[in-house]
Structures are given as C-alpha cells and as structure tokens.
Amino acid sequence: MKNKILLYITIVSVFSLNIYSQKARLAAADQKYDNYAYIDAIKTYERVAEKGYKSADMFQKLGNAYYFNAQLENAAKWYGELFAMNTSVEPEYYYRYSQSLRAIGENKQADAMMVKFVELSGNDNRAKLFKKNRNYLAEIKANSGRYDIEDAGINSKYSDYGTAIYNNKIVFTSARDTGSIGQRKHTWTNQYFTNLYMADLGDQMTPGAPSKFDKNINSKFHESTPVFTKDGNTMYFTRNNFIDGKKGKNGNDVTLIKIYKATIEKEKWANIIELPFNSNNYSTAHPTLSQDEKTLYFASDMPGTLGLSDLFKVKINDDGSFGTPENLGNTINTPGRETFPFMSDENEIYFASDGHPGLGGLDVFVSKISQDGTFSEVQNVGADINSPKDDFAYLIDTKSRRGFFTSNRDGGQGYDDIYKFLENKRLTCEQELYGQITDIDSKEVLPNSKVSLFDKRFKDISSMMSDQKGNYSFMVECDKTYYVRAEKPEYTTKEEKITVDKDQGKTKLDIALEKITCKVAIGDDLGKCFGIKMIYFDFDKSDIRPEAALDLEKILDVLKQYPNMKLDIRSHTDSRGSFKYNEALSDRRVKSTIAWLIKNGINSNRFIGRGYGEYELVNKCSDGVNCTEEEHQLNRRSEFIITDL
C-alpha cells in the first residue's frame with residue numbers, strides 16, 4: 001500500500017510538474033512572440049503542440065508566427081488546427097487562413113473562408129474587394145504570360161531581396177554570412193542581419209559578382225531597400241533604429257525600423273540622418289522616389305494606417321525639408337499589408353499587398369497615378385511574377401522592360417531570392433494617340449498650342465504643348481473613347497472625340513483651328529471666316545432650313561457691323577442631274593438666301609448673286625466620271641464673295 005501511495009504521489013507530482021513545465025514554456029514563448037522573436041516562439045509552441053496540448057491562443061500564435069514570416073504552408077497547418085477546434089475566432093483569422101490556403105493551392109476552401117470573412121468583417125475593404133472581384137483568378141490569368149523570368153544569379157542560401165539601380169549597378173539586400181565573428185542573427189527570422197550588397201550590371205541587366213556596399217552605410221543591424229537620386233549623390237534606405245552607435249527602442253523594448261538619408265562626400269557615403277517623420281513607436285521602410293524626385297513614397301504602420309502596414313507619400317521641399325506624410329488612401333491600402341512600393345518613370349506605382357485579391361501571400365500590384373494625384377484601378381500583374389508564396393520588391397526599367405523582383409517561391413536557393421525578368425507585353429494595351437495642330441485656312445502648323453486629353457466622362461487626364469511642328473502625343477488605353485481639346489490664343493478652341501483602335505499601335509487625330517479674328521478683303525469669301533462650306537437646303541428645294549439660318553445669322557451679323565460691305569452670293573451644285581436643272585435649282589437657292597437677308601434688315605442694293613449650277617466644278621467630277629460622295633461634296637458649295645468694303 002505504502003508503495004502504491006508513493007507511486008501515486010510520484011505520478012501526480014510528475015503530472016503536475018509536466019503541466020507546470022508546459023505553462024512555463026508557453027509563458028516564455030508568449031514573451032518571445034510579443035518581442036517579435038517568432039522563430040524561438042515557434043519551436044516552443046510546436047514542441048508543446050506535439051505533446052497533444054491544444055489551445056486556440058497557441059494555434060493563433062503559431063499560425064501568425066509562420067504567416068508573418070511568409071511560411072504560408074505551415075501557417076495553413078496551424079490555422080487549420082485553430083479552426084478545427086470550432087471555437088470563435090476574429091474575422092481576421094478567416095482572411096489569414098484564406099491567404100495561407102491559397103498559397104498551397106486550396107483555392108476552393110480559401111474562397112469559402114473569404115465568404116465567411118465577408119460575412120463577419122462588415123465594411124472591411126478587403127471584403128469589398130473580394131465581392132467586387134469574385135472572378136479575380138480569371139483576371140489574374142488574363143494578365144499572365146507576359147514575362148520571361150530567371151534567377152538573377154546573385155542569390156545565396158540566405159535571404160536576398162529588395163533591389164535598386166545605382167550607377168549601372170544593382171544594389172540589393174542580403175542576409176548572407178560574410179564569415180565575420182560579429183555577424184548577428186535576428187531572432188524574428190533566424191536569418192543574419194541584412195546588409196547592402198552591389199553588383200555591376202552587364203548586357204540585358206545581368207548582374208556580375210556581388211560585393212559589399214559602402215561600409216559607412218552597413219552596420220551590425222539591418223540595412224535594406226535603398227533608393228538613389230538620379231545624380232547618384234543622395235540615397236534613402238531602411239535601417240533598424242540605429243545611428244551613431246546607439247540602438248533605439250519603443251515602449252515595449254523593441255527596436256523598429258526607420259528610413260535614413262545619406263549623401264556623397266569625397267566619394268564616400270556620409271551625413272547619415274534619420275528622416276524627421278520617423279518615430280521610435282512605429283516603423284517606416286522601403287523608400288522610393290517619384291520621377292521628379294519631389295515626393296518620397298514609403299511603407300509604414302504609423303498612426304492613420306488602415307491596415308497592418310500602408311503606403312504613404314511625403315513631399316520633399318526645395319530646401320531639403322519634408323512635409324507631412326499622407327496616406328495613399330483606400331484605393332491602394334487595405335486592412336492587410338501594403339509594402340515595398342516602386343515608382344516607375346511612367347508614373348506607375350508598383351507595390352506588394354496581401355489585401356488585394358491575389359494568389360496567396362504578398363502579390364505584386366500596379367496602379368497608374370493621374371495628373372490630379374488619384375490612382376487608377378489596382379491590377380494584379382499576373383501569375384508570372386506572382387505565385388502562391390510572397391512576391392514583392394518589383395523594379396522595372398521602362399525603356400528596356402527589364403527588371404527584378406523578389407520571391408520566396410518554391411525552387412529558390414534561399415529564404416528569399418531575387419529574380420530578373422523581361423516583360424514581353426504590357427499589362428494594358430496601349431495606343432499612341434497623336435496628331436498635328438494646324439490653321440484651318442492656311443494649313444500652317446501651330447506650335448505651342450495647348451492640347452488636353454479627357455476620358456469619356458470628361459475627366460482631365462493630361463495636357464501638353466504642341467512642339468515646333470505642331471505635333472502632340474499621348475499614351476492611351478486601347479479601345480477607349482477620349483476627347484482631345486486644342487487651344488491657342490487668337491484661335492477658337494476645338495474639341496474632338498476619338499475612339500482609339502483596339503490593338504497595340506497608333507491612332508492619328510489632326511486638329512485644325514479657326515482664327516477668332518478673320519481678316520478679309522475685296523474678293524475674299526466671307527463664308528470661310530465661319531467655316532461655311534454650303535448653305536444646306538432640303539433635297540430639290542430652296543426653303544431656308546434651321547441649320548442654314550444659323551449660318552446666315554453669322555453673315556447677317558457681319559453685314560450689320562460693316563454697313564458698306566457688299567456681297568456676291570453664289571451657289572454651286574455637283575454634276576449629278578442636268579445642266580439646266582442644276583443651274584435653275586442653284587439660282588433659286590441664291591434668291592432664297594438673299595431674300596432671307598433682306599427680310600432680316602439688309603438693303604437689297606448690297607447684294608448681287610446667281611446660281612452657277614455645275615459650271616464651276618473644283619475637281620474632275622463632271623458627268624460620266626465615277627466619284628465618291630466626298631468628292632461630290634466639294635462641288636456643292638456656297639460662297640459670299642466681298643465686292644465692296
């Protein structure tokens with residue numbers, strides 16, 4: 001009996017100790033999780049879970065730890081365990097589980113999770129995007145097949161990502177081990193702290209052998225994602241909160257990341273300063289510059305963020321100071337993650353997101369920035385660049401259509417890998433809408449004319465001045481309707497509607513402007529001042545029609561302004577019909593025209609006139625000659641020849 005009691009006590013003690021030990025491990029793992037030491041937390045949680053211990057909180061943290069480290073296959077496993085417990089979870093976990101399932105090809109189940117997310121999440125923008133784009137996989141498929149992709153040739157077994165171009169070199173981020181005794185690992189990812197590396201770019205943007213970037217930039221903590229000004233004298237880059245040998249931390253004792261600026265001094269990078277909108281309490285990262293270098297775009301979780309991280313912009317003033325950061329808004333940002341922006345010189349913003357409908361994890365998206373600063377509809381760039389895993393840090397040279405992006409897709413060498421690409425076909429079919437601005441009478445070209453482009457709803461898209469040859473050009477989307485407006489002092493503004501061709505290429509639209517002031521002399525045709533080619537009558541009739549009266553009102557107005565002006569009014573027909581008939585018809589029309597002007601107050605002694613029928617043809621279209629309707633139209637004309645001033 002005594003032995004049985006001792007055995008029982010021993011069993012109870014061991015069991016109690018085991019429970020206590022498990023709770024102690026969980027407490028330690030929770031602390032590591034809260035400090036972003038996700039890798040260590042994963043090991044502890046998994047060891048506990050393998051012993052059969054179940055907890056919704058633990059499965060959430062396990063799923064999150066893998067989700068935030070882009071290991072979506074493992075995230076799907078633990079989120080699956082969470083949902084298998086049939087416990088109540090926040091809507092966000094339906095979204096994360098959906099993203100993780102999509103990463104392993106379980107699209108049907110992923111859609112089911114998204115349907116539930118839509119039901120539970122209320123006005124979450126990701127839910128709205130999903131409802132709006134239920135056929136998003138078909139749209140992604142339509143955007144695919146446009147790239148040739150290959151390994152960039154600079155990858156290691158560690159994490160390599162985030163490229164920039166500088167002095168015909170590629171500058172990128174890497175966690176590769178340099179062999180230094182002081183090389184440190186980050187507890188979040190179990191990767192070495194990253195530094196910047198560079199490699200020369202050869203033909204077709206092929207990188208050479210990598211070497212470390214400037215030692216004044218690289219520190220013992222993280223450096224990543226640089227961007228350089230065109231003159232190569234200034235750079236912005238991401239770094240841990242670390243400057244002048246000191247490490248900054250937030251209120252939870254966590255070192256976040258910030259954007260820094262450096263300038264060239266004696267061929268070395270120096271004058272490293274953090275940007276004024278940084279904070280110890282939130283992160284800023286991944287800077288990129290607008291084409292004019294007056295705006296810096298970046299990612300952050302600063303106050304005002306709509307999701308886990310958003311894209312922002314901030315004005316760079318002429319004196320080098322900065323304005324107030326502005327959130328790019330809910331066309332770009334979602335309650336998920338938006339990060340790694342890149343601005344092309346065609347005013348497009350490429351970025352990575354897990355909030356817009358994609359293939360799983362982070363996908364690369366693009367939006368065009370209009371002249372008024374608004375964003376076009378966000379588009380997924382397709383399944384060549386994007387995969388079920390994380391795809392991000394997209395960069396393109398718009399002239400060669402070559403570039404780089406980063407992915408942790410299957411088949412890579414390391415944790416993240418850099419890939420190079422050639423874009424063979426643009427995402428949107430584009431047309432060059434072009435033409436020439438001329439004087440309608442003299443046919444002379446009109447340089448420095450303002451030409452404006454509007455969409456079919458008359459939203460202002462762009463404007464430019466015609467060049468010295470009167471030429472203008474806009475890049476527009478295929479098979480869409482636009483309005484082009486041409487303006488020039490001393491000319492009447494003219495607007496033309498055009499529907500461009502549906503295939504890639506060019507559409508021509510010439511615009512001829514009329515002068516506001518028309519200088520005339522004896523012998524000139526007054527009708528040309530107003531573009532009056534013909535006073536129109538009903539077929540075989542000579543009654544003044546309303547549109548004819550409108551043109552005659554213009555002639556009437558001039559006659560009243562110039563009481564000494566006299567006119568010889570002439571009417572011409574084409575060659576169809578007999579000579580005698582055409583002469584009589586045209587003569588009746590002249591008499592009707594003169595009668596209308598007399599009726600409206602002009603003395604009859606200021607007019608002479610006759611009908612010329614087909615006697616004064618301006619082209620070859622006489623009887624028996626086959627002509628087009630347009631050629632016949634040239635002969636059907638009215639003239640108001642000035643005989644006295």
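These figures come from a predicted structure and were not determined experimentally. If you read the sequence from its start, that first residue is 1, and numbering goes on from there. Excluded from the calculations below are hydrogen atoms, water molecules and symmetry mates; all remaining heavy atoms, backbone and side chain alike, are included.
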If we count only N and O atoms by modelled type, under 3.5 Å, do the side chains of [X] and [Y] hold a donor and an acceptor together?
X	Y	result
S353	E338	yes
N380	N386	yes
D391	S407	yes
R102	S98	yes
D200	N168	no
D384	S144	no
Q413	D151	yes
R176	S174	yes
T305	D310	no
Y93	N64	yes
N271	K261	no
S283	K258	no
N218	D214	no

How are the rings of [X] and [Y] set relative to one another: parallel (under 30°), tilted (30 to 60°) or perpendicular (over 60°)?
X	Y	answer
F322	F277	perpendicular
F365	H356	tilted
F59	W78	parallel
F421	F405	tilted

Could you measure the distance from the [atom1] atom of [X] to the [atom2] atom of [Y]? Nearest 0.5 Å is fine.
X	Y	atom1	atom2	value
F312	L328	CZ	CG	8.0 Å
L395	M205	CG	CE	6.5 Å
F237	I257	CZ	CD1	12.5 Å
F172	Y161	CZ	OH	12.0 Å
L453	I461	CG	CD1	4.5 Å
T284	Y260	OG1	OH	8.0 Å

Please find out if less than 6.0 Å separates the ring center of [X] from that of [Y].
X	Y	result
F117	Y94	no
H286	F298	no
Y97	F83	yes

So, [X] side chain and [Y] main chain: donor-acceptor pair closer than 3.5 Å or not?
X	Y	value
H222	T194	yes
R337	A352	no
N216	W269	yes
T339	A299	no
D390	N408	no
T398	D345	no
N347	I369	yes
D397	S400	yes
D319	S321	yes
R146	K425	yes

>> With a 4.0 Å cut-off on N to O distance, would you call E90 and R96 a salt bridge?
In response: no
> Should R401 and E346 count as an ion pair when the cut-off is N to O under 4.0 Å?
Replying inline: yes
Taking the side chain as C-beta and beyond, is there a heavy-atom pair between [X] and [Y] under 4.5 Å?
X	Y	answer
E377	K368	no
E73	Y66	no
F213	M235	yes
V366	V381	yes
N278	L275	yes
V314	E326	no
F351	V378	yes
L201	I165	yes

>> What verdict does the side chain to side chain contact (heavy atoms under 4.5 Å, CB included) test give for T406 and D417, after you've listed the backbone C-alpha separation in whole Å, the side-chain angles of each residue and the deciding distance to 0.1 Å?
In response: CA-CA 6 Å; T406 302; D417 290 295; over 6 Å; no
> Pick from N240, N195, T238: which one makes a side chain to side chain contact (heavy atoms under 4.5 Å, CB included) with S224?
Replying inline: T238
> Should we say atom CG of D318 is surrounded by more than 12 heavy atoms from elsewhere, each under 6.0 Å from it?
Replying inline: no
> When you look at NZ of K294, are more than 12 heavy atoms from neighbouring residues, nucleotides or ligands closer to it than 6.0 Å?
Replying inline: no
>> For a side chain to side chain contact (heavy atoms under 4.5 Å, CB included) check, start with the C-alpha distance between T334 and L306, then their side-chain angles and the critical distance, and finish with the verdict.
In response: CA-CA 6 Å; T334 71; L306 304 179; over 6 Å; no
> Does the side chain to side chain contact (heavy atoms under 4.5 Å, CB included) test come out yes or no for K480 and E477, once each step is laid out?
Replying inline: CA-CA 6 Å; K480 286 197 173 183; E477 291 186 46; 3.3 Å; yes
> Should N233 and T263 be marked as a side-chain hydrogen bond (donor to acceptor under 3.5 Å, both in side chains) after you check the CA-CA gap, both sets of side-chain angles, and the distance that decides it?
Replying inline: CA-CA 6 Å; N233 292 329; T263 54; over 6 Å; no
>> Working note: Y67 + Y79, criterion side chain to side chain contact (heavy atoms under 4.5 Å, CB included); need CA distance, chi angles, decisive distance, verdict.
In response: CA-CA 10 Å; Y67 185 83; Y79 286 145; 3.5 Å; yes
